[in-house]
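In the text below, chain A, chain B and the rest are named by the order of the sequence lines, each starting its count at 1. Fair warning: this is a prediction, and the values are worked out from it, not measured in the lab.
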2 protein chains.
Amino acid sequence: MVSIKDVAAAAGVSAATVSRVLNDHPSVSTATRTRVLSAVEDLGYRPNAVARSLRTDQTRTLGLVISDVLNPYFTELARSVEGAARALGYSVIIGNADEQPELQDHHMRTLLDRRVDGLLISPTDGCSSLMRDAAQAGTPLVFVDRWIEGMDVPVVRSDGRAAVHDLVAHLHALGHRRLAIIAGPAATTTGRERIEAFREALAAYGLSLPDAYIGQGDFQAASGRRVTEGFLGLPEPPEVVFATDNLMALGALDAVRAHGLSVPDDIALVAFDDIPWFVHTDPPITAIAQPTGELGRAAVRALVDRIEGRTPQSVTLPARLVVRRSCGNPPATQRSQS
Amino acid sequence: MVSIKDVAAAAGVSAATVSRVLNDHPSVSTATRTRVLSAVEDLGYRPNAVARSLRTDQTRTLGLVISDVLNPYFTELARSVEGAARALGYSVIIGNADEQPELQDHHMRTLLDRRVDGLLISPTDGCSSLMRDAAQAGTPLVFVDRWIEGMDVPVVRSDGRAAVHDLVAHLHALGHRRLAIIAGPAATTTGRERIEAFREALAAYGLSLPDAYIGQGDFQAASGRRVTEGFLGLPEPPEVVFATDNLMALGALDAVRAHGLSVPDDIALVAFDDIPWFVHTDPPITAIAQPTGELGRAAVRALVDRIEGRTPQSVTLPARLVVRRSCGNPPATQRSQS
DNA sequence: AGAGGCTTTGAAATCGATTACATCGATCGT
DNA sequence: ACGATCGATGTAATCGATTTCAAAGCCTCT
């Protein structure tokens with residue numbers, strides 16, 4: 001591999017001068033600059049980012065730790081994060097935690113060992129000591145989508161409260177009264193928040209949320225199936241199932257199919273997180289859509305602000321209800337463009 | 001940040017000894033070893049991977065350059081690659097090329113600058129000089145899914161020929177005779193291979209593939225929609241559309257819907273690449289499934305073999321037809337477990 | 001002409017690890 | 001008892017960049 005010394009030798013200057021040329025340092029004569037540049041060209045020299053990082057103590061790399069890449073919501077988030085980071089001259093290393101705290105810790109450790117400049121995290125659980133240590137140690141951290149309460153770390157997320165209210169209004173208007181929820185892990189903020197918002201919204205319509213209608217899921221498809229099967233086995237099954245993420249909605253759909261029932265005639269289905277596929281399922285699924293791309297961009301902006309010494313802001317963006325056909329035929333005025 | 005010197009000082013030994021303990025060098029006395037280890041523990045020391053990489057000239061990192069993360073096929077591939085790499089003590093940095101050669105080059109350059117130990121690539125186009133240079137320079141390279149002909153680089157892929165024959169047999173048995181294809185970019189090997197296999201299989205049944213029934217797509221949903229609209233506008237539209245990847249199948253489904261037609265009654269649809277969502281679309285979609293997970297694992301195995309000085313093998317695994325309902329009701333014997 | 005200032009360049013230290021080589025005791029074999 | 005050997009450890013070089021400091025060369029001004 002050709003190093004800075006080779007370039008220096010080829011151009012008849014010192015390594016220091018080559019470095020200056022490469023970093024656009026002003027005090028290099030035009031003559032030397034062109035000589036160095038052509039040596040760089042000739043030798044096909046590329047600076048060794050490892051060596052550079054060691055010296056400058058910055059890697060221009062961001063770590064992104066998400067809970068499940070196979071979840072299209074996170075895939076899209078990852079993509080927008082990468083794009084935004086690239087635009088600012090940063091690379092992104094993604095760590096997939098698969099909803100397992102140990103895996104999450106593994107990735108955090110690896111990323112920290114690699115001295116990423118900052119970390120974007122969507123925590124799988126409520127309390128990782130590693131995360132506290134990192135924050136303590138001054139590592140730039142930003143939470144995205146989910147967060148950990150009590151930590152002084154900026155949070156970039158979307159608030160689903162209003163959309164959940166809209167959702168319940170929509171369901172109520174369609175005549176549904178027995179509404180059930182497949183909740184996410186209570187250890188996650190999104191898990192807790194969504195069920196609370198749902199309960200509040202139901203209360204506003206004088207409806208209650210009996211324990212039998214609360215299923216505990218883990219944001220994975222299998223749990224959606226299991227919980228829904230439980231619902232269908234009830235003496236009085238719910239009229240609507242609200243899956244608090246898209247994978248559990250998929251599982252719910254499976255379960256309904258397996259019972260030979262149909263959506264929305266026998267049971268209605270709604271999901272949190274909208275994804276392109278929901279348009280093509282049978283039937284198209286009503287969902288609460290987050291501004292995923294904007295979330296990713298805002299998160300990168302906040303993290304890079306923190307890294308570069310500015311003061312990062314927490315950001316909360318609204319989610320919105322996208323009405324399709326999985327809860328019964330909506331009145332024409334409510335129909336979304338989907 | 002605490003460095004090896006701090007640990008050395010705390011344990012009352014030299015940095016060399018600390019390094020030896022950390023790397024399980026045999027000639028360290030048990031006493032010193034425990035002393036060092038407890039200093040490491042006390043100070044919460046973690047070796048700086050950047051410094052280590054500079055010295056040892058290895059990063060224990062693999063680069064994965066794929067053409068589109070939003071494509072569930074590649075997402076799954078990426079996931080299995082990461083898992084397999086982790087099991088062997090490697091990390092993975094993913095570069096998403098979004099089917100753009102320039103972006104692909106950007107990521108290759110970044111990964112090379114970071115001195116990844118090897119690169120797993122699914123090339124977007126047929127000829128990147130960067131790639132040739134890298135191969136020339138001795139960078140361990142392995143192609144996965146797609147490859148570039150004429151380069152002496154191991155290829156890990158799945159052969160769809162047999163499955164495409166099965167597919168045509170299936171369609172023929174259902175009485176379909178006018179079969180159209182949405183092809184992928186001719187610059188990609190998978191793009192070319194799939195259309196060739198299709199043409200051959202048709203020939204085996206005495207069917208031809210008229211130009212009007214060949215649509216040029218780019219592996220993205222929008223192109224699937226556009227091409228399908230073209231097919232539907234034909235004086236004699238095809239009875240079957242074969243989309244050579246899952247995103248174009250989605251686009252095709254959109255187009256069919258937009259025309260107020262239904263699958264499979266008005267037109268049948270098949271996709272290359274099976275994904276979980278195909279079970280839940282309306283109707284469930286018949287597809288050719290690649291052994292994606294195994295592909296990722298084999299690719300990592302090949303690359304790590306190459307990196308660690310063993311001789312890597314090219315691997316070709318068979319794809320298989322998964323029959324669902326999007327081509328009409330199959331005879332009971334052919335029905336898959338889906 | 002000489003002092004001072006500016007531009008351009010190079011020498012050398014540094015980042016945090018690994019590792020070849022040297023060193024120092026202690027043990028062993030004869 | 002003495003040289004050889006071995007085990008444990010330290011010293012210093014090294015990886016490839018960046019950056020501080022010093023110095024050289026050249027102007028300019030008085």
**Item:** Length of the line joining A/R115:CZ and C/dA17:C1', which is rounded to integer Å
**Value:** 11 Å
**Where protein sits on nucleotides 4-14 of chain C, one letter per nucleotide: B base, S sugar-phosphate only, - none, heavy atoms under 4.0 Å** = ----BBBB-BB
**Item:** Any side-chain donor near an acceptor of the partner, B/D105 and B/S128, under 3.5 Å
**Value:** yes
**Item:** A/D57 atom CG: more than 12 heavy-atom contacts under 6.0 Å
**Value:** no
**Asked** Quick one: on DNA chain D, does B/A51 or A/L22 contact a more 5' nucleotide (nearest heavy atom)?
**Response** B/A51
**Asked** Can a donor-acceptor pair be found between the side chains of A/D68 and A/Q220 at a distance below 3.5 Å?
**Response** yes
**Complete:** What one should report as the nearest heavy-atom pair of A/E76 and A/G293 is OE2-N, 4.2 Å
**Prompt:** Roughly how far apart are B/D98 CG and B/I66 CD1, rounded to 0.5 Å?
**Reply:** 10.0 Å
**Prompt:** When rounded to the nearest 0.5 angstrom, what distance separates OG1 in B/T61 from CD1 in A/I93?
**Reply:** 7.0 Å
**Prompt:** Reckon A/S19 touches a base, only the sugar-phosphate, or nothing at all at heavy-atom distances under 4.0 Å?
**Reply:** base
**Request:** Answer yes if the side chains of A/T124 and A/E99 hold a donor-acceptor pair under 3.5 Å, and no otherwise.
**Result:** no
Got a list of side-chain donor-acceptor pairs under 3.5 Å for residues 83-92 of chain A, not counting sequence neighbours?
unit_1, atom_1, unit_2, atom_2, d
A/R86, NE, A/E82, OE2, 3.1
A/R86, NH2, A/E82, OE1, 3.0
A/Y90, OH, A/E308, OE2, 3.0
A/S91, OG, B/R114, NH2, 3.2

**Message:** Counting the atoms with a prime plus P, OP1 and OP2 as sugar-phosphate, which does B/D57 contact under 4.0 Å by heavy atoms, base, sugar-phosphate, or nothing?
**Reply:** nothing
**Request:** Could you tell me from which nucleotide to which nucleotide of DNA chain D, 5' to 3', there is an atom under 4.0 Å from chain A heavy atoms?
**Result:** D/dG16 to D/dT20
